[in-house]
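Note sheet for the following structure.
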Amino acid sequence: MKAYNWGILGTGNIAHKFAKALTLLDNVHLSAVGSRDGGKAAKFAAEFGFRAHYGSYEELVADPGVEIVYISSPHSYHLQHTLLALRNGKNVICEKPMSLTAPEVQLMADEAKKQGLFLMEALWPPFQPSYLKAAEILNSGKMGKLIHMSGKFAFISPYDPELRTYNPGLGGGSLLDIGIYPIMDILRYMGEPETIIATAVLSPTGVDESTSVLFKFGDGRLAEAYSSFASMAGISTEFNCEKGNLILSRGKDRGQHLIIEYPNDSEDRVFNPPAQGYQHEAAEVMNCLDKGLKESPVVPLSFSITLARTLDAVRKKAGIKYPGRDPK
Ligand SMILES: NC(=O)c1ccc[n+]([C@@H]2O[C@H](COP(=O)([O-])OP(=O)(O)OC[C@H]3O[C@@H](n4cnc5c(N)ncnc54)[C@H](OP(=O)(O)O)[C@@H]3O)[C@@H](O)[C@H]2O)c1
């Protein structure tokens with residue numbers, strides 16, 4: 001089995017979780033980490049055992065020993081940092097949302113193609129054991145036709161203009177940070193919507209504290225998505241089918257629950273992947289590279305572009321704006 005040399009760009013919250021997950025994989029070399037702050041890079045490298053650490057992202061991507069770069073900067077920097085890594089010959093897995101608008105995601109996909117390198121958005125749910133089980137049940141036909149979906153991702157994060165999530169310059173707001181998940185689920189199973197109705201509650205910094213979206217599809221099916229930093233609605237996606245329901249949810253135990261409901265029967269299966277399962281998306285990158293693929297068949301770039309186009313449409317309807325980075 002070929003082992004790959006990984007580099008991490010940015011040393012924030014999710015970078016720590018991802019690095020921990022990488023340590024669970026046998027075919028990973030923890031190669032280098034880059035931070036805007038050399039001290040932070042050194043501390044991160046020591047914590048996880050990276051070979052090298054750099055006080056700039058430019059030095060990280062110039063390291064000839066690094067083959068794959070994980071981009072973990074705030075949303076508004078994903079475009080810049082992904083192009084930087086690709087133009088320096090690195091394969092890339094970039095945190096979600098891939099960027100702030102669909103044309104920006106298209107630019108990233110075009111650059112990966114031009115450079116002949118791998119690129120994937122770090123949408124981790126489709127690789128989780130609970131999601132794979134749900135997909136198996138839905139595809140088996142046992143539930144009958146999928147008629148309706150509803151998804152929510154919400155937790156309490158009191159307003160603080162200092163937080164990334166409330167900072168418009170960093171692409172803050174609930175839609176792009178967490179609303180992307182239920183919308184991703186809906187698009188994966190229902191395709192691209194024909195009609196979108198959306199509204200948002202904006203915070204004093206102008207980013208959305210909460211957003212609600214109603215989708216109608218060409219075949220007449222409906223779906224809803226809700227995201228918020230102001231309620232305890234939790235994390236779940238519900239699939240309503242002709243013969244039963246499936247509910248994927250994050251429990252208070254942080255476990256991934258899959259509730260399977262038939263008219264006279266129900267079951268709650270709990271999956272607890274180590275390191276919250278972030279290693280599965282990393283394994284996907286390496287599996288694809290082993291096969292010579294430049295994108296993942298599970299999360300292809302065409303899906304990231306469709307997702308970004310849908311988020312653009314929601315933003316326009318709900319009045320969610322980022323200075324200079326608004327969809328046309
Ligand atoms: N997949 C998931 O489950 C998941 C979960 C959380 C977040 N995310 C995504 O990951 C990305 C980062 O989120 P996070 O929660 O890890 O954020 P965070 O804790 O604020 O970390 C972001 C890191 O980006 C770097 N950075 C570069 N330019 C920056 C700037 N101008 N301001 C602030 N930081 C800057 C910093 O690293 P250095 O100081 O080392 O340069 C910082 O530590 C977001 O796009 C988010 O959507 C994904």
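Read the numbers this way: they start at 1 and go in the same order the structure lists the ligands and their atoms. All figures in this text were calculated on a predicted structure; none of them were measured in a lab.
Taking the six-membered ring for Trp and the full ring otherwise, the centers of Phe48 and Phe44 sit less than 6.0 Å from each other.
The residues lining ligand 1, counting any heavy atom closer than 4.0 Å, are Gly10, Thr11, Gly12, Asn13, Ile14, Ser35, Arg36, Lys40, Tyr57, Ser72, Ser73, Pro74, His75, Tyr77, His78, Glu95, Lys96, Trp124, Arg164, Leu170, Asp177, Tyr181, Tyr278.
In this structure, the salt bridge (Lys or Arg N to Asp or Glu O under 4.0 Å) partners of Arg325, at least two apart in sequence or on a different chain, are Glu104. Glu284 pairs by the salt bridge (Lys or Arg N to Asp or Glu O under 4.0 Å) definition with nothing, not counting sequence neighbours.
Its side chain within the 4.5 Å cluster rule, Ile197 clusters with Leu214 among the Ile, Leu, Val, Met, Phe, Trp and Tyr residues.
Looking at Asn91, its side chain does come within 3.5 Å of a backbone N or O of Glu67 through a donor-acceptor pair.
Ring pair Phe155/Phe229 is tilted by interplanar angle, where 30° to 60° counts as tilted.
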